2 protein chains.
Amino acid sequence: MRPVSKKYSIGFRVWINEEEGHFIGLGRVRLLENIKSTGSITKGAKEMKMSYRQAWQMVEDMNSRSDKPLVEKVLGGKGGGGAIVTEAGEKVIKLYYQLEEKMIKASKELSKSIKF
Amino acid sequence: MRPVSKKYSIGFRVWINEEEGHFIGLGRVRLLENIKSTGSITKGAKEMKMSYRQAWQMVEDMNSRSDKPLVEKVLGGKGGGGAIVTEAGEKVIKLYYQLEEKMIKASKELSKSIKF
DNA sequence: AGCCGATATGTTTATTAAAACATAGCCAAA
DNA sequence: TTTGGCTATGTTTTAATAAACATATCGGCT
């Protein structure tokens with residue numbers, strides 16, 4: 001997973017539903033990435049030392065707020081089930097990092113021009 | 001004070017000390033604005049229904065983290081004293097809104113190109 | 001010297017958020 | 001039809017945060 005620069009991360013969010021004004025931030029983007037790489041909410045949450053309960057609630061929240069679900073859940077079956085990040089979910093991840101890049105660039109430029 | 005658009009605010013922060021990686025967000029920017037317009041922490045906090053204690057702590061925190069203090073306090077004297085936003089503080093406010101503008105623009109452009 | 005309205009700070013209480021624990025339901029595959 | 005590992009959800013406990021209250025201090029002015 002992509003590392004976070006302590007020095008240059010800026011903290012912002014990305015729309016998942018522009019109409020309603022809902023966003024997700026780095027924490028949820030990382031949860032999505034972990035779910036994607038592990039194939040389950042349980043493992044993805046463990047990866048980032050998050051409780052399964054909280055992770056599950058975040059997924060519920062994201063799915064209900066977003067135009068399209070970002071994570072699809074599979075109950076029972078092979079391996080007990082799991083969860084996969086949808087195409088919409090992957091787009092959110094991508095958008096987040098694209099925006100981050102632009103943000104950091106803009107922030108650096110502006111900060112440079114203003115001396116305290 | 002500048003209104004917040006529910007639909008388009010994006011939530012981010014501005015550096016007050018790039019070396020150490022410290023930031024302030026909209027909440028603190030607004031506190032600064034309120035202190036500036038009222039001339040005191042007490043009144044500024046009341047303006048936004050924040051307790052004086054919390055506001056005072058925020059100011060302390062900002063001042064200690066920032067390269068230069070953002071708020072100067074006046075003890076006692078005429079009117080009992082007060083607080084004024086320094087030049088550095090005003091620059092932070094300005095920087096915040098400049099960055100916001102850029103952010104919204106970049107975010108809109110990117111979001112437009114990605115359909116869910 | 002006393003007033004006034006602000007800063008400065010300690011203490012306690014209430015509210016909210018997170019963690020921890022427990023347990024039921026699901027279903028392909030063996 | 002039992003197993004395994006996951007989803008789903010309720011309950012309780014703990015920790016973190018915020019609010020509320022109290023009080024001391026400061027210093028120009030009158």
Side-chain angles (χ1 to χ4, degrees), chain A residues 4 11 13 22-66 68-86 88-90, chain B residues 4 11 13 22-66 68-86 88-90:
Chain A
V4 169
R13 289 164 275 169
H22 296 145
F23 316 95
I24 69 174
L26 179 56
R28 292 182 179 212
V29 165
R30 302 220 136 171
L31 178 58
L32 288 179
E33 290 179 300
N34 287 333
I35 290 171
K36 181 186 172 187
S37 65
T38 61
S40 85
I41 298 175
T42 299
K43 286 179 191 156
K46 200 165 291 177
E47 201 92 352
M48 58 202 295
K49 287 171 189 160
M50 180 184 285
S51 74
Y52 168 77
R53 207 172 194 308
Q54 189 179 18
W56 178 84
Q57 280 171 335
M58 278 188 176
V59 169
E60 281 299 288
D61 187 63
M62 284 191 279
N63 278 349
S64 67
R65 288 179 191 275
S66 177
K68 292 182 181 176
L70 308 183
V71 174
E72 253 168 34
K73 280 93 68 80
V74 181
L75 269 69
K78 183 178 161 192
I84 61 168
V85 174
T86 66
E90 306 230 16
Chain B
V4 169
R13 289 165 275 168
H22 295 145
F23 315 96
I24 69 174
L26 179 57
R28 292 181 180 214
V29 165
R30 301 219 137 171
L31 178 58
L32 288 179
E33 291 180 299
N34 286 333
I35 289 172
K36 181 185 171 187
S37 66
T38 61
S40 86
I41 299 176
T42 299
K43 286 180 191 155
K46 202 164 288 176
E47 202 92 351
M48 58 203 294
K49 284 172 191 161
M50 180 184 285
S51 74
Y52 168 76
R53 207 171 195 309
Q54 189 178 17
W56 178 84
Q57 282 171 334
M58 278 189 176
V59 169
E60 281 299 288
D61 187 64
M62 284 192 279
N63 278 349
S64 66
R65 288 178 191 276
S66 177
K68 292 183 183 177
L70 308 183
V71 174
E72 252 169 36
K73 279 94 68 81
V74 182
L75 267 69
K78 182 179 160 193
I84 61 167
V85 174
T86 66
E90 304 230 18

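Owing to the predicted nature of the structure, the values given are computational and were not obtained by experimental measurement. The chains referred to below are lettered A, B, ... by the order of the sequence lines, with proteins before strands, and numbering in each begins at 1.
Of all heavy-atom pairs spanning A/Val59 and A/Val71, the tightest one is CG1-CB, 3.8 Å. The two residues B/Pro69 and B/Ala88 have their closest heavy-atom pair at O-CB, 3.9 Å. Of all the heavy atoms in B/Ile41 and B/Ala83, the pair that sits closest is CG1-CB, 3.8 Å. When all heavy atoms of B/Ala45 and B/Ala55 are compared, the pair lying nearest together is CB-CB, 3.6 Å.
Between B/Glu72 atom CD and D/dC26 atom P there is a gap of 19 Å when expressed in whole angstrom units. Atom CD1 of B/Ile41 is separated from atom P of D/dC26 by 17 Å (rounded to the nearest Å). Atom CG in A/Asn63 sits roughly 14 Å away from atom C1' in D/dA8 (whole-Å rounding).
In this structure, A/Glu90 CD and A/Leu70 CG are separated by 10.5 Å, a value rounded to the nearest 0.5 Å. Between the CD1 atom of A/Ile35 and the CD atom of A/Glu47 there is a distance of 11.0 Å, given to the nearest 0.5 Å.
No more than 12 heavy atoms of other residues, nucleotides or ligands shown are found within 6.0 angstrom of CD on B/Glu72.
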>> I'd like to know whether B/Asn34 forms a side chain to side chain contact (heavy atoms under 4.5 Å, CB included) with B/Met50, so could you lay out the CA-CA distance, the side-chain angles of the two residues, the decisive distance to 0.1 Å, and finally the verdict.
In response: CA-CA 11 Å; B/Asn34 286 333; B/Met50 180 184 285; over 6 Å; no
> Could you walk me through whether A/Thr38 and A/Lys46 pass the side chain to side chain contact (heavy atoms under 4.5 Å, CB included) check?
Replying inline: CA-CA 10 Å; A/Thr38 61; A/Lys46 200 165 291 177; over 6 Å; no
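In this view, B/Val29 and B/Ile24, B/Glu33, B/Ile93, B/Tyr96, B/Tyr97 satisfy the side-chain contact (heavy atoms from CB on, under 4.5 Å) rule, not counting sequence neighbours.
Near DNA chain D, defined here as any heavy-atom distance below 4.0 Å, the residues from residues 75-85 of chain B are B/Leu75, B/Gly76, B/Gly77, B/Lys78, listed numerically.
The shortest distance between the side-chain N/O atoms of A/Trp56 and the OP1/OP2 oxygens of D/dA8 is below 4.0 Å.
Nucleotides of DNA chain C with any atom under 4.0 Å from a heavy atom of chain A span, from 5' to 3', C/dA19 to C/dA28.
One end of the helix from C/dA1-D/dT30 to C/dA30-D/dT1 points its axis 0° away from the other end's axis, with each axis taken from 5 pairs and the angle rounded to 10°.
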Anything under 3.5 Å between a protein N or O and an N or O of nucleotides 12-19 of chain D, put it in a table, one pair a line.
| from | atom 1 | to | atom 2 | distance (Å) |
| --- | --- | --- | --- | --- |
| D/dA19 | OP2 | B/Gln54 | OE1 | 3.0 |

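Side-chain atoms of B/Ser66 do not come within 3.5 Å of backbone N or O of B/Asn63 as any donor-acceptor pair. Judged by distance alone, with hydrogens and angles left aside, the side-chain atoms of A/Thr86 form a donor-acceptor pair with the main-chain N or O of A/Gly89 at under 3.5 Å.
Every pair passing salt bridge (charged side-chain N to carboxylate O under 4.0 Å, His left out) that includes a residue from residues 49-64 of chain B is listed here, sequence neighbours excluded: B/Arg28-B/Asp61, B/Glu60-B/Lys73, B/Asp61-B/Arg65.
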